[in-house]
Amino acid sequence: MLLVLSGVHFSAPAAPLSCGELPERAESIRAMRDHDPAAGVEQGQELLGRIDQAGLDCSAGHMAVQAAVASNLHILGRSQEAIDAVNAALSLGENVDDPIRLASVRRTAGVVFWEIGAHDRALEHYLAALEASRAAGDVGGAARAAGNVGNLHNTLGNWDEARSFHRQALEGFEEIGWREGIAGTLVNLGALAERMGESYAKAGEETRAAAEHQANLDYNRRALRLFEQLDNPRGIAYAADNIARALVELERVEEALSYHRQSLELRREVGDTTGVVNSLLTGAEARLAQGWPDSALVILEEARSLVPESNRELLRQVVRQEVAAYERLGDYESAFRRLERLMSLNDAQASEDLAARVEQLQEAFRADQLEQELALQRARVEVSEQRARRQQMISAASIITVVLLLLVLGLLYSRYRLGRRVSKTLDKAARTDSLTGLSNRRDMTEHIDRAILRRNQHNEPAALVMADIDSFKRINDSLGHQVGDEVLVHVAGLLGDHLRGVDIAARWGGEEFLILLPGTREKGAYSVSRNLARALDNSPPQVGGRPLSLTLTFGVTEIESGADFNDVIKRVDNAMYAGKSQGKNRVVSASELAT
């Protein structure tokens, strides 16, 4: 999140309140989140009481004070109170005709909802703030909103989109010369580099992972210098904690601990509850890297006691590290119990997703039918989780036997490997489109079937994108089939360059491509499609040394619970053809056709 400059503490004057002074006082209270958010809440609530007592009819000022209180409550980890305060501010905003102030409240609402994992609501507020700020010519407000949208895309794993929005934010802050905004954006760019580094490490790409962790370190060292110049303790704490995390990943643990201690001390002083938990997580990670799991568990116990129940994502991070610590100790029983806790948290999040689905369907189905659907879905999830837990226990008990068996089978396996390599090569060829190198229809069909199964059994989201090259027949007819093949290869290469490692792209037939996006909702698929369209516009195919104007029409849909293969393909295909009928070169969501 972006960090703001601190303001002076507000002392209530003896003179009667006036509407004109409320916005300035609200800004002073809002800025206290960087130094003393508890005092910010106290003074903000006192001012709200005085507004009510005086009977002032000034929606804009009243709205600003409510939003300032919400911002301080958020820092203290009092999520439900923050939601109540920001909703009150949004209600007051219905009577306010000031796009810049309304955008500020929308940004605050986005941050509060993002913190509790309500990403769709957060994105709605962020985009509304971005549009309003741009329309009003507010460069700083637009930069703040762009940074918020970038953070959300980072959370969702949409790294290209995240980097694009953060760069927009940095350009805006540099244009107006706001050093604190520049520093906050450097922190956000560092967080993006950290996520990418973790992903590369999981994929075994150690060189690329180290480069991203070094980039995270560099970004946050620049940010730390700026925050120190600004004397912003919360900003210093954020940057120092991120530096410590980067140094742990770079195996410079002793150096990391000094930054960790600085961050933790400052966050305790400020009263930044969420920040304290994050610093404790960094400290536990460092202790694990040093081979001290007992020390890590002591730190994690304090972290767990501070996490608000509403912040499941933060609690999941604590529990994940507890599992790792118990495994290091060889205490597999405790590790298993913490793993069960982690699964229950995942179930709770899945239940929230199901509840949102129910809300959409209530007008079409009777209440008792919906309850049966929910009960059935929960039962499926529970059965699946129990199977997974049993399998883990069986695997742990069998590991010694497996190792011995592998030693016996070593000689046989060496003979088997040659035949296996040949089999894999043939299988890969059978699943790959020979022209583009992408997956073919057979391979994609199997991936979609598995995604539907995961959606129905584990409630794991996934989305499909169908992309069709516009006017491809004209290209073949006028320039020849060789050029047409070159265009197909170019589009396939563009998909490979701009999709995540977990995404699957296939040549579905002719000039049609199908993309499977695991872990992605329909809105995310829409953003991916827009990003691909821009990438093609920026990098068109070359024919005879000249760029060839080329566009794609996209249809997107989310794989819904209970859907089968034919339903999903029909929805995404209808969305794509709707885009064709609307003039091509556009993105159409299946949900748009249903309204």
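We number each residue from 1, following the sequence as shown.
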Original post:
Minimum heavy-atom separation for A492 to T436, with atom names?
Top reply: CB-CB, 3.6 Å
Original post:
Between A525 and A463, what is the shortest heavy-atom contact and its length?
Top reply: CB-CB, 3.7 Å
Original post:
With no hydrogens and no angle check, is any side-chain donor or acceptor of Y126 less than 3.5 Å from a backbone partner on R106?
Top reply: no
Subject >> Stepwise salt bridge (charged side-chain N to carboxylate O under 4.0 Å, His left out) test for R534 and E161 >> reply: CA-CA 11 Å; R534 284 194 294 270; E161 292 288 342; 3.0 Å; yes
Subject >> Distance-minimising heavy-atom pair for T185 and A169 >> reply: OG1-CB, 4.0 Å
**OP:** Report the residues that fulfil side-chain hydrogen bond (donor to acceptor under 3.5 Å, both in side chains) with S589, sequence neighbours left out, ordered by chain and then residue number.
**Re:** none
Original post:
Is R571 paired with E560 through a side-chain N to carboxylate O contact shorter than 4.0 Å?
Top reply: yes
**OP:** Just grab all the salt bridge (charged side-chain N to carboxylate O under 4.0 Å, His left out) pairs involving residues 482-501, residues at least two apart or on different chains.
**Re:** R500-D503
Original post:
Any ion pair linking D567 and K570 (charged N to carboxylate O, less than 4.0 Å)?
Top reply: no
Original post:
For the atom pair CZ (R454) and CD1 (I452), what is the distance rounded to the nearest 0.5 Å?
Top reply: 10.5 Å
Original post:
Do D470 and T553 meet the criterion of a side-chain donor-acceptor pair at a distance under 3.5 Å?
Top reply: yes
Original post:
When you check the gap from the basic side-chain N to the acidic O, do E194 and R245 get nearer than 4.0 Å?
Top reply: yes
**OP:** Take R167 and S164 through the test side-chain hydrogen bond (donor to acceptor under 3.5 Å, both in side chains) and record every step on the way to the result.
**Re:** CA-CA 5 Å; R167 285 175 177 169; S164 174; over 6 Å; no
**OP:** Would you check if there is a donor-acceptor pair between the side chains of R442 and T445 at a distance under 3.5 Å?
**Re:** no
Subject >> Within 45° cone of F513 ring axis and under 6.0 Å: R507 NZ or CZ >> reply: no
Subject >> Side-chain ion pair, R320 and E285, N-O less than 4.0 Å >> reply: no
Original post:
Salt bridge between R304 and E322, side-chain N to carboxylate O under 4.0 Å?
Top reply: yes
Subject >> Donor-acceptor pair, side chain of N531 and main chain of S527, under 3.5 angstrom >> reply: no
**OP:** Look at R441 together with D433 and state whether they make a salt bridge at an N to O cut-off of under 4.0 Å.
**Re:** no
**OP:** Could you walk me through whether H166 and R163 pass the side-chain hydrogen bond (donor to acceptor under 3.5 Å, both in side chains) test, one step at a time?
**Re:** CA-CA 5 Å; H166 283 320; R163 184 181 291 109; over 6 Å; no
**OP:** Would you sort out whether R455 and N459 count as a side-chain hydrogen bond (donor to acceptor under 3.5 Å, both in side chains), showing the intermediate values?
**Re:** CA-CA 4 Å; R455 173 62 168 158; N459 200 33; 2.6 Å; yes
Original post:
So, for A142 and R134, which heavy atoms are closest and what is the spacing to 0.1 Å?
Top reply: CB-CG, 3.9 Å
Subject >> A129 to R107 - nearest heavy-atom pair and separation >> reply: CB-CG, 3.7 Å
